[in-house]
Amino acid sequence: MKNEQCNDLLQQMHETELGGVKIYETALTCALNDDLKEEWHKYLDQTKRHVEVVLGLMDALGVVPQETPGRLVVRHIGVSLVAAMKLAKRTAPPEAAEIVACECVVHAETKDHANWELLGTYAQSAKGDEKKAIDRALADIEDEEDEHLYHSKGWCRELAIASLGLKAVLPPPEEQKDVKTAIGAARAKQARRELM
Ligand SMILES: [Fe+2]
């Protein structure tokens, strides 16, 4: 791969997925809701597979995993998110630690989603085998990344609403409606009142 910035994007993607595994493992120790636990177990397994998908893509593009400034920043943020969850678990009530875990998952999945979206934009102007390899990886994981971000945002919002003593929709409407797009997430958020 000739494009240096895209090389760094792949390094960041690999580190994001590796960090995601640790974030879900820690988040699961903070989860109280059984549906949320089930969801995060599924996302943990999928994220472990994403690590392999990114490694396979790097291999196909002739990119070797290496320490880059971009990767180091992603690792620093991942380690910080794990530390934040551990801090909450140690010092806050369990219900608050569960919300902190949701927030940390949303932070991580926002970066993960943005990485894949940016790679998709790059693929639009790529050619030949490079384009084919990227398109294959995107087709494989895109739906899962959408679900990870939009459903986690829903969990975060509804658990925070419940913590204020207000009526929440659990599992969140994003999960009930199996949302996989930004517009679907906006609709689900708007329709939450109908589900209460
Ligand atoms: Fe992922």
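Counting begins at 1 with the first residue of the sequence. As the structure lists them, so they are numbered: ligands from 1, and atoms in each ligand from 1. Nothing here was measured: the structure is a model prediction, and the numbers come from that model.
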Trainee: Has Glu144 got an N/O/S atom less than 2.8 Å from the Fe ion (ligand 1)?
Mentor: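 For Glu144, the answer is no, given that no N, O or S atom comes within less than 2.8 Å of the Fe ion (ligand 1).
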Trainee: With the Fe ion (ligand 1) as the point of reference, which N/O/S atom of Asp112 is the closest?
Mentor: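 Result for Asp112 and the Fe ion (ligand 1): OD2.
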Trainee: Can you tell me the angle formed at the Fe ion (ligand 1) by ND1 of His50 and OE2 of Glu17, to 10°?
Mentor: 90°
Trainee: Any N/O/S atom, side chain or main chain, of His148 closer to the Fe ion (ligand 1) than 2.8 Å?
Mentor: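 Checking the Fe ion (ligand 1) against His148, no N, O or S atom falls under 2.8 Å.
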Trainee: Met85 and Cys104: which non-hydrogen atoms are nearest, and at how many Å?
Mentor: CG-SG, 3.7 Å
Trainee: Would you indicate whether the side-chain heavy atoms of Val105 and Tyr43 approach each other to under 4.5 Å?
Mentor: no
Trainee: Counting neighbours of CD on Gln66 that are heavy atoms of other residues, nucleotides or ligands and sit closer than 6.0 Å, is the number greater than 12?
Mentor: yes
Trainee: Would you mind checking if Glu67 and Arg75 are paired as a salt bridge, meaning a charged N to carboxylate O distance below 4.0 Å?
Mentor: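 A salt bridge is present here (some side-chain N lies under 4.0 Å from a carboxylate O).
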Trainee: Using 2.8 Å as a strict upper limit, say whether an N, O or S atom of Glu109 approaches the Fe ion (ligand 1) that closely.
Mentor: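 Of the N, O and S atoms in Glu109, none lies under 2.8 Å from the Fe ion (ligand 1), which means no.
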Trainee: Provide the atom name of the closest N, O or S atom of Glu145 relative to the Fe ion (ligand 1).
Mentor: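 It is OE2 of Glu145.
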Trainee: So with a 6.0 Å cut-off around CD1 of Ile183, is the heavy-atom count from everything else above 12?
Mentor: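 No.
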